[in-house]
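Remarks on the structure that follows.
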Amino acid sequence: MRNRSGFGWLEFVLGILMIGLGILTFIRPRGMMNALVVLYAVIVLLTGISDILFYVRTERYTGFGPIVALIAGIVSVMTGMMLLIYPDVGEWILYLLLPMWFIAHNIFNLANLNVLRFAAGDFCYYVSLIVSVVGLVLGFLMILHPFRTAYIVSILIGIHLILTGANCIVIALGKNGLKS
């Protein structure tokens, strides 16, 4: 293991973007969906790239990588690309693909909780556990009730983005001075 005393800049920037996007989504839930499609795409792409980088780094240091991270990353990148390619139907894409992204990304987070507990401590572990379970529930609710969810999905997504953004910032701050 090598010493690392760096700040988690990718997680920090991702956290700030998610909190900002969550606040915007929460303030204007109905009118913001079309306007935010590109921003959602960027965040989903960054999350996917982050997941894939996690897989690559883990494989480089341990000889094997968590396949869930690779799959979640690929799903995230595909979702982000779809949002960028089809901005006119971005709202429908969000209603169809965003639940899959919520589920895939939160399964990845749950699968890697032990690594997070080891690297960042119990507090980050419990925050990530709670945020990931909430994200899974929201993802399944969006799949089960797409038309009812269409009216409140912006608010739910806004709340989850704020929580996920805060979690990213906690993880970024938790990396300071860690050995990994």
Side-chain angles (χ1 to χ4, degrees), residues 1-26 39-40 42-77 79-80 98-144 153 155-180:
M1 298 270 174
R2 63 184 175 90
N3 286 333
R4 176 179 179 191
S5 69
F7 186 71
W9 282 106
L10 178 63
E11 291 86 358
F12 185 75
V13 170
L14 191 59
I16 295 295
L17 286 173
M18 285 187 176
I19 288 173
L21 188 57
I23 290 170
L24 286 173
T25 303
F26 190 67
L39 291 175
Y40 277 111
V42 169
I43 286 177
V44 172
L45 279 170
L46 285 174
T47 303
I49 291 168
S50 176
D51 292 347
I52 292 169
L53 288 174
F54 177 82
Y55 170 82
V56 170
R57 287 182 194 138
T58 304
E59 184 175 32
R60 185 173 3 143
Y61 290 112
T62 64
F64 62 92
I67 194 72
V68 176
L70 182 60
I71 292 169
I74 291 170
V75 169
S76 294
V77 168
T79 302
L98 198 60
M100 292 190 316
W101 172 65
F102 263 58
I103 292 167
H105 185 69
N106 286 294
I107 288 173
F108 159 73
N109 285 342
L110 289 171
N112 292 295
L113 280 176
N114 288 333
V115 174
L116 184 63
R117 178 181 250 172
F118 175 74
D122 286 339
F123 180 74
C124 290
Y125 169 84
Y126 288 115
V127 170
S128 291
L129 175 66
I130 292 167
V131 170
S132 297
V133 169
V134 168
L136 274 177
V137 169
L138 290 176
F140 283 114
L141 284 175
M142 286 188 276
I143 287 175
L144 294 174
V153 71
I155 293 170
L156 295 175
I157 290 171
I159 291 169
H160 189 264
L161 284 171
I162 291 169
L163 292 173
T164 303
N167 185 44
C168 286
I169 291 171
V170 166
I171 291 170
L173 295 172
K175 286 185 173 185
N176 198 16
L178 292 179
K179 292 182 178 181
S180 61

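For this chain, numbers begin at 1 and follow the sequence in order. These numbers come from a predicted model, not from an experiment.
What you find for Ala104 and Ala72 is that their closest heavy atoms are O-CB, 3.6 Å.
The OH atom of Tyr126 sits 10.5 Å away from the CG atom of Leu113 when rounded to the nearest 0.5 Å. In this structure, the separation between SG on Cys124 and CG on Leu173 is 8.5 Å, given to the nearest 0.5 Å. In this structure, the separation between CD1 on Ile171 and CZ on Phe123 is 11.0 Å, given to the nearest 0.5 Å. To the nearest 0.5 Å, atoms OG1 (Thr58) and CD1 (Ile67) are separated by 12.0 Å. Note that SG of Cys168 is 11.0 Å distant from CG of Leu163, once rounded to the nearest 0.5 Å. For the atom pair Ile19 CD1 and Ile162 CD1, the distance stands at 7.5 Å (nearest 0.5 Å).
Every pair passing salt bridge (Lys or Arg N to Asp or Glu O under 4.0 Å) that includes a residue from residues 121-143 is listed here, sequence neighbours excluded: Arg117-Asp122.
Annotation: side chain of Arg57 is not in contact with side chain of Thr62 (no heavy-atom distance under 4.5 Å). Two residues are said to be in side-chain contact when any heavy atoms from C-beta on lie closer than 4.5 Å; His160 and Val131 meet this criterion. Counting only heavy atoms from C-beta outward, the side chains of Ile103 and Phe140 approach each other to under 4.5 Å. Side-chain contact between Phe108 and Ile71 is absent, with no heavy atoms from C-beta onward closer than 4.5 Å. Pro66 is listed as a side-chain neighbour of Tyr55, based on a closest heavy-atom distance under 4.5 Å.
Take Tyr125 and apply the ring-ring contact (aromatic ring centres under 6.0 Å, His included) test, not counting sequence neighbours, and it matches no residue.
Each of Thr164, Ile23, Val13, Ile169 was checked for a side chain to side chain contact (heavy atoms under 4.5 Å, CB included) with Met18, and the lone residue meeting it is Thr164.
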Hey, can you pull the donor-acceptor pairs under 3.5 Å for the side chains in residues 44-53, sequence neighbours left out?
unit_1	atom_1	unit_2	atom_2	d
Thr47	OG1	Ile43	O	2.8
Asp51	OD2	His105	ND1	3.1

Are Ser128 and Asn109 close enough, and set up right, to give a side-chain contact (heavy atoms from CB on, under 4.5 Å), and what steps lead you there?
CA-CA 7 Å; Ser128 291; Asn109 285 342; 5.7 Å; no
Test log, rule side chain to side chain donor-acceptor pair (under 3.5 Å), inputs Trp101 and Ser76:
CA-CA 6 Å; Trp101 172 65; Ser76 294; 2.9 Å; yes
